[in-house]
Each structure stands twice: as C-alpha cells, then as structure tokens.
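A short worksheet on the structure shown next.
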Amino acid sequence: MIPIDGLAVLTAAEMRSAEQAAMIGDVTEASLMDRAGAAIAQAVARLAAGREVLVLCGPGNNGGDGYIAAAELKRRGLAVRVAASEAPRSDDARRVAAFWPDAVESLERAEPAPVLVDAIFGTGLSRSPSAVVEHALARLTDAAWLRIAVDLPTGIATDTGKVLGKTPRFDVTLALGAVKPSHVLQPAASLMGQVRLLDIGVPTKSSARILARPILPQPDATSHKYNRGMVAIVAGSMSGASELAALATLRAGAGYVLHLASGDVSASAAPHAIVRRNYTADALNEDRIGAVVIGPGLGRNDDASDRLEAALASGRPLVIDGDALRLVAVETLAAHDGRKILTPHGGEFTHLFGEVTDDKLSATRRAAQQSGGVVVHKGADTVIAAPDGRAILCPEASPWLSTAGTGDVLAGAIGAMLAAGLEPLAAAEAGVWLHAQAARACGKAFIADDLADALSAVRG
Ligand SMILES: NC(=O)C1=CN([C@@H]2O[C@H](COP(=O)(O)OP(=O)(O)OC[C@H]3O[C@@H](n4cnc5c(N)ncnc54)[C@H](OP(=O)(O)O)[C@@H]3O)[C@@H](O)[C@H]2O)[C@H](O)CC1
Ligand SMILES: [K+]
C-alpha cells in the first residue's frame with residue numbers, strides 16, 4: 001500500500017494502454033489480474049486484522065480481482081465469504097471465479113461482515129449501477145466496521161470525479177496499477193477515505209501527477225534580501241486582503257515584500273517587515289522585483305483596471321488572483337508573453353473560461369493552454385495545469401481552508417516561490433504544498449492570519 005504523493009495519474013484509457021504495453025513476454029492480462037488479486041489480499045489481510053471479510057464481486061475484471069483476493073484470503077486462514085451481483089462476464093473473471101472454492105451468495109441476500117470489500121465495478125463502469133446493486137451496497141457498507149474499495153468505489157466515473165449513482169463512503173480505496181483522476185477530483189474523492197496504490201508492475205507514464213513535497217529554494221551564505229526574492233503586492237480598495245498576501249509572502253520565505261497601496265500608507269503598521277509605499281505604476285519597474293501579486297483586495301473600479309494594466313506591462317512574473325481575474329480577459333492573457341500564474345477559485349474560473357462541462361482536469365489544462373499561464377484551479381481538489389499540458393492534482397488538505405482570506409495567503413505563498421526563481425509550474429506546486437501543510441498544522445477553525453503565520457514553521 002503505497003502513499004500516492006507524486007505518483008502518475010492515468011485516465012481509464014491511459015491505464016488500458018499502459019496495461020497493453022506491459023503485456024510482453026509472459027505478462028498477460030490474466031497474470032496482471034493474478035498480481036492485482038494477490039496485492040489486494042495482502043492489503044485486506046493487514047487491514048482486517050483477523051475479522052471476517054465479505055467480498056462483493058461484479059461481472060467484469062474488478063469482480064475478477066475480488067474472486068482471486070477472496071480465494072487468497074481464505075488460503076491465509078481468514079473467514080471470507082463472496083457475494084456477487086451477477087455471474088462473471090469477462091473471460092478473465094470467469095477463469096478466476098473458478099478459484100473460489102465455496103458457494104457464491106446473492107448480493108441482495110448476503111449478511112453483512114465487519115470488513116466489506118467492494119469489487120463490483122471499477123474502471124469499466126459505464127452508467128449508474130442498478131438500484132438493486134446500490135441498495136445492497138448501502139446496506140452492507142452501513143453494517144461494516146471497515147469498508148475497502150478495489151480500484152474505485154462502485155458508482156464512480158474514473159476520469160471526471162463524478163458520482164454516477166449513490167456511492168457510499170469508504171475508509172480505504174486501493175488504486176490498482178495507477179492513481180486515476182477520480183481518486184482526487186471531487187465529489188468522488190470525498191467518498192474514498194485513504195487512497196493507497198497497489199503496484200502490479202505496470203509501468204506508468206503521464207503528464208499528470210499528484211502533488212508532491214517540492215524542493216524549496218533555500219537561502220545560503222550568498223543570500224540577501226533581494227536575491228531571496230523581492231515581491232510587490234499591488235493593493236486596492238480592501239487592503240486587509242493584500243496585507244494578508246504580503247504577510248504570507250514573507251512567511252513563505254521572500255526576502256523583501258513591497259505593499260503598494262494608496263491613501264494612508266502607515267509605516268508604523270505591523271508587521272513592520274512589510275515595506276509599505278504609495279502605489280505608482282513606476283514602482284513596478286524596479287528591476288529587483290521578482291514577482292508581482294495582483295488581485296487580493298484589488299477591487300474592480302477604474303483604478304484597479306489601471307493597476308492590472310500596469311502589472312501586465314511591467315514585464316515581471318505575475319500572480320493574478322481574486323479581483324484581477326474578474327477584470328482581465330483571456331485574450332489579454334494570451335497576448336501577454338511574460339510568466340504568469342492564475343489562481344481562480346471555481347467562480348472566477350467559470351467567469352474567465354466558461355462552465356466546466358467535462359471534468360476539472362481537462363478544463364484546467366484547456367484554460368492554461370488558452371491563457372498561456374499556469375492555472376491553479378482552486379478547491380478541495382485543486383488542479384494545477386501548465387500550457388504544455390503538464391498537470392498536478394492536489395488531494396484535499398483540510399476542509400477548514402474554506403474560510404475568508406485563505407486564497408490571499410495562497411497567492412502570497414506562490415508569489416514568494418516565483419520571486420525565488422522557480423519556474424511557474426514549480427512555484428505554483430510549491431505554494432500549494434506549503435499552503436496545504438500550513439492548513440494541516442493549524443488544525444481546526446483557524447483563520448487566514450494563522451495560516452499565513454504557520455507558513456514559516458512548515459517552510460522546511
Ligand atoms: N489497472 C490494471 O492494470 C488492472 C486492473 N484490473 C481490474 O480491472 C478493472 C476494470 O475491469 P473492466 O472489466 O474493464 O471493468 P469493471 O470490472 O469495472 O466492469 C465492467 C463490466 O461491468 C459492466 N458494466 C459497466 N457498468 C455497469 C452498470 N452500471 N451496471 C451493470 N454492468 C455494468 C460492463 O459491461 P457493459 O458492456 O454492459 O458496460 C462490463 O461487463 C479495474 O478497475 C481493476 O479492478 C485487472 O485486474 C487487471 C489489471
Ligand atoms: K470497486
């Protein structure tokens with residue numbers, strides 16, 4: 001059972017191609033299923049810790065995995081029963097169903113067991129499961145002490161994060177061969193519990209992967225405040241949001257943060273480490289600025305539009321967030337040839353790029369390609385995509401991030417990484433990773449100020 005950080009993410013079709021490519025020499029579909037079944041049995045045996053196991057098998061190869069695992073668990077001496085929704089239909093499932101030496105119970109009438117293993121449908125699900133299957137699955141998972149899904153819980157579309165029927169909640173999902181988009185995309189991911197990979201020896205390659213611990217820029221003996229990363233935060237009508245972004249930028253490791261606002265630019269405001277100056281378009285032309293963050297608290301008036309225009313014209317690497325995403329047009333972004341990272345939440349994404357009609361991974365990749373920037377499409381399932389198609393899927397860090405100001409903190413953290421010299425995709429990943437770690441460190445009911453402060457401790 002391998003933690004999924006940094007692993008390749010494959011769609012159902014990509015997984016099928018990877019399986020085909022792996023079938024050379026004595027590796028066949030049947031031997032892959034045998035490996036999958038053995039790996040599942042080993043994982044379930046560890047998790048069940050001697051408790052009785054009920055394996056639910058469907059008609060395809062997901063069910064096939066279930067039959068082999070059940071036979072192996074029985075061979076290991078565990079109390080195991082098998083219930084099926086229907087007879088096996090695929091050749092491989094028929095072959096391995098014969099390994100199960102006992103009677104197969106009917107799914108509708110099966111009695112519950114403390115450990116429930118769902119091998120009804122996996123990546124081959126093409127429509128909602130029948131009401132009979134859904135009802136039995138709900139009844140048996142409700143009564144179980146531990147719920148384990150094989151590859152994917154029954155009822156989940158592999159590539160989109162969509163839940164096609166009424167899928168119950170699982171405690172553990174054992175991804176076979178590779179992580180699939182729905183292991184991270186919502187709402188599916190929220191039903192899976194802990195997701196772990198079972199390696200079945202299929203080499204996987206993909207331009208999409210799971211968020212991983214980044215290599216963060218570190219200061220050394222040659223460092224000074226400017227080469228550590230100088231970040232300009234362009235403020236607007238709500239300076240609380242831009243102040244939060246500025247604080248996060250410093251806490252994420254920037255050497256110098258310039259907060260550019262209008263009106264009362266009080267030098268005595270805390271934290272004193274933020275350098276506060278009056279906004280002028282000229283201030284953005286300072287050569288040492290490594291990144292400009294624009295959007296948190298910017299407002300949407302004429303002043304805000306002028307500042308956005310100046311930021312785009314400055315030639316500095318940009319983090320474009322919040323209100324700036326409401327003011328800018330995709331065509332303007334496409335015509336701008338500098339480095340840029342856009343950080344829309346769902347509403348801002350729809351405003352800029354239109355409704356997501358297929359899935360978040362595909363839509364974010366398209367948005368990155370259209371805008372020419374790295375897009376950080378935020379949410380419980382943040383997806384980061386680069387114009388060249390590389391993508392990073394981020395499992396939910398903490399539901400407590402759903403509070404005002406956390407987006408400003410993220411924009412600041414990403415700005416710090418960009419100014420430190422990371423390329424935009426790496427800067428976005430590092431910022432999202434730091435933000436997630438800080439959220440975990442903060443526990444529950446934290447506020448965005450706590451989150452910004454926590455960045456220092458998790459910076460590593
Ligand atoms: N990752 C790997 O390398 C390996 C994965 N394995 C396992 O194989 C499954 C995928 O197997 P597959 O047979 O393609 O798919 P499923 O078992 O999920 O189900 C397909 C069958 O179910 C039918 N179907 C689909 N949706 C429904 C529905 N709503 N109701 C009833 N029946 C449905 C489908 O037939 P249709 O033509 O009617 O669509 C199929 O008969 C993967 O998840 C892994 O568990 C292998 O072990 C090898 C290695
Ligand atoms: K399943």
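Worth knowing before you read on, the calculation uses all heavy atoms, side chains too, and leaves out hydrogens, waters and symmetry mates. For ligands, and for the atoms within them, numbers begin at 1 and follow the listed sequence.
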Under 4.0 angstrom from ligand 1, any heavy atom of S128?
-> yes
Measure from atom 9 (C) of ligand 1 to every heavy atom in V132, I68, N62 and give the option owning the shortest one.
-> N62
For the atoms O of F121 and OD1 of N62, give the angle they form at the K ion (ligand 2), rounded to 10 degrees.
-> 70°
Any idea which atoms of ligand 1 are less than 4.0 Å away from a heavy-atom of S126?
-> 25 (C), 26 (N), 39 (O)
Which of these, I200, I120, T158, has its nearest heavy atom closest to atom 49 (C) of ligand 1?
-> I200
Give a yes/no on ligand 1: does P129 have at least one heavy atom closer than 4.0 angstrom to it?
-> yes
Assess P153: does it contribute an N, O or S atom lying under 3.4 Å from the K ion (ligand 2)?
-> no
Quick one: which ligand 1 atoms are inside 4.0 Å of a heavy atom on G122?
-> 16 (P), 18 (O), 43 (O)
Please determine if R109 and E105 form a salt bridge, counting it only when a charged side-chain N lies under 4.0 Å from a carboxylate O.
-> no
Polar atom proximity, L176 to ligand 1 (N or O, under 3.5 Å) = yes
Could you list the atoms of ligand 1 found under 4.0 angstrom from a heavy atom of D151?
-> 42 (C), 43 (O), 44 (C), 45 (O)
Could you tell me whether E29 approaches ligand 1 through its side chain, its backbone, both or neither, with non-hydrogen atoms closer than 4.0 Å?
-> neither
So, S207 versus R365: side-chain donor-acceptor pair below 3.5 Å or not?
-> yes
With a cut-off of 3.4 Å, does A119 place any N/O/S atom under that distance from the K ion (ligand 2)?
-> no
Below 4.0 angstrom, N of the basic side chain to O of the carboxylate: do E72 and R75 qualify?
-> yes
Contact atoms of ligand 1, heavy-atom distance to M33 under 4.0 Å | 47 (O)
Measure from the K ion (ligand 2) to each N, O or S atom of I120 and report whether any distance is below 3.4 Å.
-> no
Residue pair E348 / H351, side-chain donor-acceptor N/O under 3.5 Å = no
When you check the gap from the basic side-chain N to the acidic O, do R81 and D102 get nearer than 4.0 Å?
-> no
Note: R251-D453 ion pair, threshold 4.0 Å (strictly below) = yes
Any N/O/S atom, backbone or side chain, of D118 lying under 3.4 Å from the K ion (ligand 2)?
-> yes
Applying salt bridge (charged side-chain N to carboxylate O under 4.0 Å, His left out), run through D142 and R169 and close with a yes or a no.
-> CA-CA 9 Å; D142 269 1; R169 230 167 250 283; over 6 Å; no
Polar atom proximity, K180 to ligand 1 (N or O, under 3.5 Å) = no
For P59, the ligand 1 atoms whose distance to one of its heavy atoms is below 4.0 Å | 22 (O)
Is D151 paired with K180 through a side-chain N to carboxylate O contact shorter than 4.0 Å?
-> yes
Within the 4.0 Å heavy-atom cut-off, what R89 brings close to ligand 1 is side chain
Looking at atom 33 (C) of ligand 1, what's its closest protein heavy atom, distance included?
-> F121 CE2, 3.3 Å
Any side-chain donor paired with an acceptor under 3.5 Å for T343 and D321?
-> yes
Given D65, I40, V133, which has its nearest heavy atom closest to atom 6 (N) of ligand 1?
-> D65
What is the distance from atom OG1 of T167 to atom CD of E134, rounded to the nearest 0.5 Å?
-> 7.0 Å
Find all atoms of ligand 1 within a distance of less than 4.0 Å from any non-hydrogen atom belonging to L125, and give their numbers and elements.
-> 18 (O), 25 (C), 26 (N), 29 (N)
